[in-house]
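Below, read A as the first sequence line, B as the second, and so on, with proteins coming before strands; counting in each chain starts at 1.
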2 protein chains.
Amino acid sequence: MDRRQQKTRDAIFKAFSKLLEQKRYGNITVQEIIDEANIGRSTFYAHFETKDELLKALCTDIFSHVFSDELIAEKTHDFSGGNSDLEAKLTHLLNHLRDSKKNIVGILSCESGELFMRYFKEYLTEVFSKYLNEIKANAPADFVLNHLVGSFAETVNWWIGKNMKYTPEETARYYIEVSCTNRITNKYARKKHIYVHSHEGYQGI
Amino acid sequence: MDRRQQKTRDAIFKAFSKLLEQKRYGNITVQEIIDEANIGRSTFYAHFETKDELLKALCTDIFSHVFSDELIAEKTHDFSGGNSDLEAKLTHLLNHLRDSKKNIVGILSCESGELFMRYFKEYLTEVFSKYLNEIKANAPADFVLNHLVGSFAETVNWWIGKNMKYTPEETARYYIEVSCTNRITNKYARKKHIYVHSHEGYQGI
DNA sequence: AATTATATCGAACAACGTGTTCAATAGCAA
DNA sequence: TTGCTATTGAACACGTTGTTCGATATAATT
């Protein structure tokens with residue numbers, strides 16, 4: 001890619017991110033992005049047809065970093081780890097999100113969060129669907145999958161909104177505890193039709 | 001309230017709802033609302049300062065219907081019903097939402113859903129916080145409360161998006177099953193430090 | 001019914017944002 | 001150097017916004 005293009009694209013992303021920290025997505029104008037990025041008006045439209053396209057590109061950019069390791073790791077996933085495997089994945093994901101904090105905090109505010117969340121949940125659905133057949137509940141599979149994805153997305157949103165007051169490790173553990181304890185079994189147990197508790201067990205405190 | 005005001009307000013709400021079914025909140029203009037409602041430009045601004053104010057008012061309007069019974073019922077809530085009480089409340093709430101389908105489906109689309117969800121979760125937080133001390137998990141109370149509220153809001157959003165393919169009764173039961181089974185105890189059990197399962201019990205299927 | 005109060009109308013207005021065009025300029029690559 | 005391409009900035013037509021104000025229509029009060 002031409003150095004000039006990359007430079008312009010970076011400037012636009014940087015300006016957009018900065019503006020997202022200051023105000024709502026819907027109230028940000030292309031004019032402001034142009035001014036903040038210090039580029040020509042026609043240059044912006046040479047890169048992005050619309051503001052939505054820019055947001056989509058920024059989300060994709062962030063997710064490619066956040067999920068890259070996860071997607072690679074999935075290929076070696078052998079379903080033998082029970083929920084500790086899922087917990088490790090989620091912890092890893094939260095760590096990535098924390099490192100991208102600057103961008104994501106801005107994006108999650110108000111309306112732009114809607115688009116971000118949609119893309120985010122698409123990725124999460126991929127991750128969770130790999131574990132779906134290990135989770136048991138008296139509810140249809142599509143309900144459970146949506147519940148897992150949605151509640152994790154909500155948890156992340158809340159966690160970031162609370163300035164990440166808990167560590168990624170704590171947050172992942174709490175999530176597993178509330179969403180999955182007593183629901184995850186491993187391959188061996190399923191084969192034997194024995195349903196086991198999580199590695200920590202349910203302590204009822 | 002002056003009959004003229006009420007008539008105008010209704011016309012605006014009706015027009016706004018209709019437009020929300022056709023296109024995204026962010027792409028709806030005040031001009032379109034005016035044309036659809038067939039009112040004068042200055043009349044609109046006499047009622048609402050901005051489009052956001054209109055959305056907020058519409059949400060409040062819907063919630064006042066959806067939650068009114070719940071809020072009244074709360075006053076007579078005696079914490080003795082375990083999760084069956086919560087399940088009844090949620091079923092009732094879902095029934096109301098189904099009856100308001102026409103409005104809500106439009107609102108939940110895209111960006112406007114963000115605002116709707118925020119207000120919705122505010123109400124839900126009130127409802128769930130009444131039950132929080134009955135729910136046990138190895139996680140902080142604020143985490144659990146957010147998880148319950150967030151996952152239910154997500155469930156509702158998903159349920160509506162799936163054209164309410166499950167009945168309100170089924171949906172509430174699935175939610176309780178996935179979110180609360182093995183987590184809800186009653187006052188008596190807590191006093192004795194005995195942790196009991198829900199009335200249906202966890203069947204591990 | 002007559003009067004008072006006020007909601008609506010509709011046209012006009014300035015200010016701003018949008019998306020496009022185009023010729024000139026500047027930077028990259030071979 | 002030479003060609004290729006990205007950027008520039010001004011200009012344009014167009015739509016949206018939010019406000020103003022006198023005229024009109026409708027409701028509430030007596």
Side-chain angles (χ1 to χ4, degrees), chain A residues 1-61 106-107 109-115, chain B residues 1-61 106-107 109-115:
Chain A
M1 186 186 237
D2 195 314
R3 263 179 265 166
R4 289 170 296 179
Q5 286 189 57
Q6 191 60 54
K7 193 179 156 191
T8 300
R9 195 179 168 89
D10 287 347
I12 293 175
F13 276 170
K14 195 176 171 186
F16 189 46
S17 298
K18 185 175 176 182
L19 287 167
L20 276 170
E21 292 173 26
Q22 297 168 6
K23 59 202 298 190
R24 298 172 34 172
Y25 172 73
N27 293 332
I28 294 173
T29 65
V30 174
Q31 191 64 53
E32 286 173 315
I33 299 170
I34 289 167
D35 293 340
E36 180 66 36
N38 197 30
I39 59 169
R41 179 165 196 73
S42 49
T43 306
F44 177 87
Y45 285 105
H47 281 260
F48 302 100
E49 283 194 356
T50 172
K51 212 175 63 178
D52 282 357
E53 286 295 316
L54 170 57
L55 178 59
K56 188 175 179 178
L58 183 58
C59 288
T60 303
D61 199 61
I107 292 179
S109 68
C110 296
E111 310 129 40
S112 55
E114 181 70 28
L115 266 169
Chain B
M1 187 184 234
D2 196 314
R3 265 179 264 166
R4 290 171 294 180
Q5 286 188 57
Q6 192 59 55
K7 195 179 156 192
T8 300
R9 194 180 168 88
D10 288 346
I12 293 175
F13 276 170
K14 195 176 171 186
F16 189 45
S17 298
K18 184 174 178 184
L19 288 167
L20 275 170
E21 291 172 26
Q22 298 167 6
K23 57 203 296 191
R24 297 172 36 171
Y25 171 74
N27 294 333
I28 294 173
T29 65
V30 175
Q31 190 63 54
E32 287 173 314
I33 299 170
I34 289 168
D35 293 341
E36 179 67 37
N38 198 29
I39 59 168
R41 179 166 198 71
S42 50
T43 306
F44 176 88
Y45 285 106
H47 281 259
F48 302 99
E49 284 194 356
T50 171
K51 212 175 61 179
D52 283 357
E53 287 295 317
L54 170 57
L55 177 59
K56 187 176 178 178
L58 183 58
C59 288
T60 303
D61 200 61
I107 292 180
S109 68
C110 296
E111 310 129 41
S112 55
E114 180 70 27
L115 266 169

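Contacts of A:T29 with the nucleic acid, taken as non-hydrogen atoms under 4.0 Å apart, involve only primed sugar atoms and P, OP1 or OP2. Using a 4.0 Å heavy-atom cutoff across all strands shown, B:T50 reaches no nucleic acid atom at all. At a threshold of 4.0 angstrom between heavy atoms, the contacts of A:R4 include nucleobase atoms, whether or not backbone atoms are also involved.
Not one side-chain nitrogen or oxygen of B:Y45 sits closer than 4.0 Å to the OP1 or OP2 atom of D:dT19. Between C:dA7 and B:Q5, a contact under 4.0 Å exists linking OP1 or OP2 to a side-chain N or O. Not one side-chain nitrogen or oxygen of A:T8 sits closer than 4.0 Å to the OP1 or OP2 atom of D:dA6. Close to D:dA6, at under 4.0 Å from its OP1 or OP2, lies no side-chain N or O of A:H47.
Scanning atom types as modelled, one donor and one acceptor separated by under 3.5 angstrom connect the side chain of B:R41 and the base of D:dG18. Donor-acceptor pairing under 3.5 Å, judged by distance alone, is present between the side chain of A:S42 and the base of D:dG9.
In this structure, A:Y25 and A:F16 have perpendicular ring planes: the angle between them is above 60°, well past the 30° mark.
When the C1' atom of C:dT18 is taken as reference, atom CG of A:D52 falls 14 Å away, rounded to whole Å. Nucleotide C:dG19 holds its P atom 12 Å from the CD atom of A:E53, rounded to whole Å.
If you check C:dT18, D:dA27, D:dT8 against the side chain of B:D2, the one that comes closest is D:dA27.
A salt bridge does not link A:R9 with A:D61: none of the charged nitrogens is closer than 4.0 Å to a carboxylate oxygen.
The local environment of NZ in A:K51 is crowded, with over 12 non-hydrogen atoms from other residues, nucleotides or ligands closer than 6.0 Å.
Residue-to-nucleotide proximity on DNA chain D shows that, of A:I39 and B:E49, the 5′-proximal contact is made by A:I39.
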